[in-house]
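To start, the structure itself, in structure tokens.
Side chains are part of it too, since the values below use all heavy atoms of this structure and drop only hydrogens, waters and symmetry mates. Residue numbering restarts at 1 for every chain, and letters A, B, ... go by the order of the sequence lines.
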Amino acid sequence: MSMRLPKTVLHNRSANPNFRQSFWGFAWRTIVKKPGRLIGFAIIVLFALMGIFGPYLYPAQLPINPNAIYAPISWQYPLGTDFEGTSNLALVVTGARYVLFAAAMGAVFTVVFGTILGLCAGYFIGLTDSVIMRITDFILTIPSFPLLVVLSTVWNFGQPVAMGFVLGITGWGGLARAVRSQTMSLRERGFIEAARGLGLSPLYILFREILPNVGSYIAMNLLLAVTGSIYAEVGLFFLGVVPFQVNNWGVMLNLAVFSAGAMSSPQALPYLLSPMLAILILTLGIVLFLDALDEMFNPRLREV
Amino acid sequence: MSAELMHGKSAEPAVRVRGLNVVYATSQGDLPAVRDVDLDIEAEKITGIIGESGSGKSTLVMALLNSVGKPGKIVSGSVMVPGVGDMLSIDRERQRRARGKELGLVFQAAQNSLNPLRRIGHQVLDLGRSHEVRDLRDLLRKASDLLTRLGMDADRVLTSYQHELSGGMRQRVGIMFALILDAKIVILDEATTALDMLSQASVLEIVRELHKERGLTTILVTHDMGVVADMADRVVVMYGGEIVEEGPSGSVLSHPAHPYTQGLIRAIPRISGAIDRAVPLPGAPADLKTYLEPGCPFYQRCAAAMPKCQANRPTSLTVSADRKVACFKVTDHD
Amino acid sequence: MKTVMARLAKRLVAGVIMILVVASFTFLLVRLMPGNPVEAKYQSLLLNGLTPVQAMDEVRVMYGFIPHQSLWIQYLHYLGQILHLNLGQSISYEGTPVMRIILGAAPWTIILVLTGTVASFIVGILAGVIAAIRRNSPVGSAITISGSVLHGIPLFVMALFLAYVFTTIWAVLPFGAPYNAALTPGFNGPFISSLARHALLPVFTYALASYGGWLLTMKSSVISVLGDDFILASEVRGLKTSTRVGYIAHNAILPLFTILALSLGFMFGGSLFIEDIFDYPGLGNLLVNAINNRDYPLMSGAFLLITVAVIASNIITDFLYSVVDPRIRR
Amino acid sequence: MKKTAWLAVLASSGMLLASMGPAAMATSGAKSSTFTTINEYHGITVGAPMNPFNSNGNTFYGFDQMQLGWFTNSATNVNAFIPGLASKWQILNGGTVVNVQLQPGAKWSNGKPVTANDVVTSMAVAFTQGNAQAFFLGSVRAISPTEVQFRQVPGQHYNQFFNNLMQQTIVPSFEYGRLMPSNIWTIINESQYSGNNAAKQALAQKMQTQLTDIGKKITTFAPANDISAGPFVLKSLNPGEAFLVKNPYFYAADKVQVQNVVFRNYTGNQQIWNYMIAGQLDQAPFTAMPTNILDQILHTAGNKKVVTPSFVGAALAFNQGIYPYNMLAVRQALAHIINRNAVQKIAEPVVGTVSQYSDGMVDAATPQWLSSAQIKGLNPYAYNLQLATQQLLKAGFKKVNGNWMMPNGKPWTASIYTVNGFSDWIEAAKVISSEMTSFGIPTQPNIVSSYSQYLQELAQDKFALSFWINALGPQAYGTYQRIFGPNDGYQIVGGKLVHYPYSDKTKGNWLDIPQVIRLAHGKVVNPGQLTYSLNNMTTAQQRPVVAELAAAANADLPMITLWNYINVQFVNTTRFTDFPLNNVGLLNNPAGVWMAQGYVHPVS
Amino acid sequence: MIEVEHLQKVYTTKGNLLTRSQVHAVRDVSFRIPDGGAISFIGESGCGKTTVGRILAGLETPSAGVVRLDGADIHQTPTRERRDLRRKIQLIHQDPYQALNPAHSIEQALSAPLQIMAKQKSGSPRAWIRERMDEVLTMVGLEPASVLYKHPHMLSGGQRQRIVIARALTVEPTVLVADEAVSMIDVSLRLGVLHLLRDLREKLRISLLFITHDVAAARYLGQGGQISVIYKGLIMEQGLTEVVIAHPRHPYTQALLSAVPVLKGLETMGADRFILAKEMNAQSDAQAGCLFADRCPFAQARCFTEAPALIGEDHQYACHFPEVRQVAAVAAE
């Protein structure tokens, strides 16, 4: 298009030998540009810290208090208490680790499976592609949530890694397909042909030449997969179709709705609202932050 | 329809551009893309506008239609078209009607200038309806005639979708769209760049013939000096958003005055004459940094640069009856 | 057209193979699930107050519907029955054909998802166009944010919230049944009105949850079409604004139709939370109950139905797309 | 143009939704003679047959599904019945022969009379379902069109013979008779053979299979219309509601004041709570609930709580096959660690009371069976951490860094298993976990996703500590077989008691209680055999046996009874009055039975 | 020295069994390039010239025919040696904007192939790589210090193409295949890149296969070398560059030369210049006679029935009626 500016000038500020650092600098500038993004970023950081350090803030077994069942919101219980008089805030904070760690693992597995299979299918066209794509079709055809439910009863979800793994193996299909099509189009690009002509190994081409170019897409997907995983696992616990043993947000929702009658009784409402609030705030944070990622990586939306 | 234009004095230019400035709004502020352009396009002549990528030639052409897309915006100037008025100040509806009807544009990316989901014939009808053509059947007949004239199977093309046509055919369909409403001013913006030699030659041939037959005013925008040299009556050389040289093509080619024009002509490999006559032009084309500097935009690459050129921008001066140059070396001598 | 049909045939064959693969997979998987359905039924009857005699009377015959052959024989039998469109007999429903149970639940899910999807599609598309065209104005930003937020909220959170608001705090809407049982089903006013009133909340929830997705997809589709050369070309050719908007809309909406058809295919899996929370008697609910009761034939059947729906919608999408998009039609 | 038509349809449906606002608000309860309730036994299933022998069948016990009589749930008199289709009965020959006279004028909802032949057919059906064999029914004979005689299998003295036969579902012969071959009684008789003739044994085997096949056919049988001999008949149904109308042919139709009955479907307790809070249920069955919900329910106009005795307890059961729970000291120490008051207050505050005795019975039954001296002899296992510490130290446990080490040197950690959806169990498990953890035994509650999975894994010995329903009464056998019955490996096979060892993982012995238990006064008993023997005893004969079993359960502590359920149901008096609130025996039966007895009147 | 004999390439189009068809991209192409020599392939798009280049570069396998590099058949050698052999032939892409990985700096782009080479060299690999990078960058006329750390988007088209060439040089090739190597570069910079390629040919004795539709560029680069005019995968005319341009015998060659715009004021139009209006029809493959006959303005009956053979010694042409026409423009002075 004739309207486009000469490409060279837009990036003059990055004429800095240490490009990597300047990327982080650029990323940070993108974040602070709008207050919404900063808020989103802060929320994500807060929740990450909660996941890492939350359990250390409270005793291993949260204290119960039969005299403060469904206590109203107070300084002692900022989010009220549950059916046995345990602080809802403590439950949310200590429950974050499993939820977030499993979600992170789920996202990592999704992205790792999806990326590797997508790259291989797109690059080694032919038989490899056919086999991988048939498996992908299969994964995409089976409704993932019900599959998750069935898998989860066969598996034991004591460890968040196991949960993450199952979330990963049910969720990589879409990403694999997208990465494949991007890889296929990159494959036709001159620099891949040149790399082949220069005798570089397929491994180098896949992971050093192609991967960085789908990196931005994968980064976005990683974040989206985190939210997707949170919803899926919290949903599983909420429905109660999986065995559970640890305190987490989904269990709270389940107990609040099905045991505590939070839907019918205002006294138990804080018990229901606490995990919902946590999920919503985290969602909000991710939505706000996605906007920044979008700008960091999607040149199409970047306003010149 | 455009009777005034047909019978207008030939001395009156078909398009008169005055003081045109276009900028691109960026996060770093407004960057000039077209600067202080004054230009008269002579009626019924082929005018070639030549320049490299980033020289502002396409922006200039879009400004003629007042269709500069975001983030570009026209800051000042006027584009007078007889029978229409100043394209930059008449109301939007009249601008819209002038586009397509008075001013036909064949797009740089004409290959993709058609709605992929509608048959060509339907798009002809859409065009007719937008310009209040009463007899749509007649319009289709005209389209059919034009397509035949352009060397295509008209019935097949009209019932085809874009993807069913080859690149050369799409380009010709683009020309058909520019001419079908009897526009007298036709602008070809890099219309043949994507075609290979043989297609380019045949499309240019048709353009030349139609130009003559219909008494068109043709503006040919290209980066290919050869095409301009072959086709144009007048040539306008742009560099860094400005017109650096302007004149009849024969005289400019044989006696280029501006160092850029000279370098450009010298850098053309030819099929005639001694091979080593061709000499590369050093440096890189103008970019936004160049635009922002106060001096001559060609200063960095100019072999004949003087200290004066770094700080002052030469303005376009008439050097002979119909030639203008913007270079201190030329104007100072004279 | 001939090639279209040939392609269709090819897709159909591939679809059937995929169905068999998924059927085999789910068959085996589902039978790996631990559980003893009969004992559970018996124990829950006891909990509900039946005397042991009555409870045992109730469940004794269920044992007869649990397959006793080896897994391999069961599998072969299962495949054979599928080819006869027989999904077997339910355990927890004591021998009621799975097909009949599923067909009893399917209409409610279809009502729920179809209405919800179509409503959210229309609203989402319109909002998406506005959000794309006015993307630099406050209105556009507001619409986009509404879409992102609604898209971001998990379905069950939204369903719980709406259920709380409309059935507890401001109890204007009924839940728990698809219509008032005292009314005669048919095309009569009271019945349809009851049907609609009962469906309103789940449908609204579903629509609200899907709206954001449509909006965001449509917005990005419109933005990408806006950058296409032919849109600029239509401007320089002086086409009327209405015609140009038509061009934009037509081109932008086309990819969304694929997603629409696909999402209808996924409908049976998608409404699980809504059906559970509003206790709407559709397939999602059925599946959850089947899982909790370890009713293997019913689970396999529900899975198979979902799979068939997805595959069918894939094929239909493919076919429709080759009809509406001239670039694919050959 | 197609497009516009599409849009028009959409628009009109949208208007439809909008226009039906307040007019459609009237619920089914608005007409005051429609009685709304919940079927607690199973959900409403569209597509399931209107057949009482199908466990998901759409028939409603006490409304359109009838039996000869209705049991009053008496702990000590198993023969106390309210007349159903039987108006009178005689129990002869020490309980082995029963004569039953049918209600004069009893008719099916199509106008045909209910005859002795229908009862005979129903008993044949009961054989096909395996039900009649369970109470040793030997023969059924129509003495007259309205009188039937039942006999026990010769040589058997099953003390609940009458009790069980009265509770068999009676179905019309003209519907169900067709489903069975004409020689059905021959098949039944041949299948009953229990002698030693090999040929006859083989034949019996064959006939049993045949019988089972007929049984399967019957459970899937779907009558076109509901045919009821009860006060109501099913008219229509959808996945959320079933709609029943009064049966004009019911023998006591003049007593029935309710015109229509609506059954609401439910999938979880919270739904029943919601219905009650909305004041929509005229009667609601027993449902576990937290206090806040009870308050909310009682806040609604007209809702009234009705309490009747219940014979169910919730217990924490030990798998004695798993170390260290094979040690009596461990089980007893845990009983001292668990504060049952706190557990009950949190887990089951509304429909539970703290269990006092841990003797295998509910506390309400204990005084009825045991003398006060015997009660005094029971260990109350009071909450006493010091005692628990002493016991554990004596058994070789050590406390290191605040946590207990087992005698084998390994740290003691535990998991308590419960089931998703069983809210009281889950909450109790959490409380007990907290208590055990703070005592120095790190414990976690583990929630299994479905009850069927729970039961299977329980039987596979995957759980050391799990929740269990015990004290299921009112009869003594029913109570103790929850502890010393199949879960302890004792099963009745072919009328004889068999004990399967713990090592046999397929036969359900997951408690692994020692086969003999030494009581406090030194007597050694076999509780499995004692429990079994209760079947053939009169109430008087049962008393000393129950006392021994109570002592055994209390001393060996195979499970700790945490709380006893109290049967709390609700009625709403805004639309109906005259509930049988003072008639405990009747209250234990479905509301349809109340109505047939002339209770429940619309508010005028 | 690279020799190509009777090269063929047939593509099977995708589709179902019924609609699957074969496309002959290259029918029969033979040529040889001595060390330091050059050959230019000219023809319009879709004529198969790019396929020839891709086969040479090892990106496609030929359906038939032999490609020999210094006597070794590059498609028949064992896998391990083949990789080394193939590295000797480097392809310069048409589009410098696509030929460099946008995610890599110039240093990364150049060092990756050098790391492979370094394994075969003695001494410190890091120093050697550094040295070699400087060497190739200087060779293509760029200053190493000012470009090494940059990413492709910071460079102009001409600079990028120089980087692409430098990267090809890292593996010490003996043959360069330049496929429309300057068509995407700004006009003022094109000649510079052509000049560089010509330099390399002379200095490093690299053989050059130049693929283009621009006859003038072919003439500039192919000085002293040969020109091959290719149409529908078949050579129409082949000979010394100067000879073919000055005395074209095949009408197709003449059409290509006629299509070169005439620089009015510097050149005069060739006397016999003609513009070919008809487009290439890819479907009319099956005809018996000359492949060009359907578009040839001079075709006679025989051309439609009998395929002409490639005749002539140094200057070969495949035409029944070869007639020299003066179509190229002539310098004005």
Is it the side chain or the backbone of [X] that comes within 4.5 Å of chain C heavy atoms, both, or neither?
X: A/Tyr231; result: both
X: A/Thr283; result: side chain
X: A/Val234; result: both
X: A/Ile286; result: neither
X: A/Leu253; result: side chain
X: A/Ala262; result: backbone
X: A/Leu269; result: side chain

Discussion item. As an exercise, state the distance from CZ of A/Phe238 to CG of C/Leu160, rounded to the nearest 0.5 Å.
Written reply: 4.5 Å
At a 4.5 Å cut-off on heavy atoms, which part of [X] comes close to chain A: side chain, backbone, both, or neither?
X: C/Val157; answer: both
X: C/Ile153; answer: both
X: C/Ile145; answer: neither
X: C/Phe156; answer: side chain

Discussion item. Counting only heavy atoms not in C/Arg11 (residues, nucleotides, ligands), do more than 12 fall under 6.0 Å from its CZ?
Written reply: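 Enclosed.
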Worksheet, complete the sentence: Looking only at C/Asn314, C/Val22, C/Val149, C/Thr307, the option with the highest number of non-hydrogen pairs under 4.5 Å against chain A is C/Val22
Practice prompt. Among C/Ile291, C/Val288, C/Ile277, find the residue that satisfies the side-chain contact (heavy atoms from CB on, under 4.5 Å) test when tested with A/Leu239.
Written response: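 It is C/Val288; the other options fail the test.
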Practice prompt. Kindly give the heavy-atom pair with the smallest separation between C/Met18 and A/Arg134, and that separation in Å.
Written response: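 Heavy atoms of C/Met18 and A/Arg134 come nearest at CE-O, 4.0 Å.
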Worksheet entry | Aromatic ring proximity, centroids under 6.0 angstrom, C/Phe25 and A/Phe138 | yes
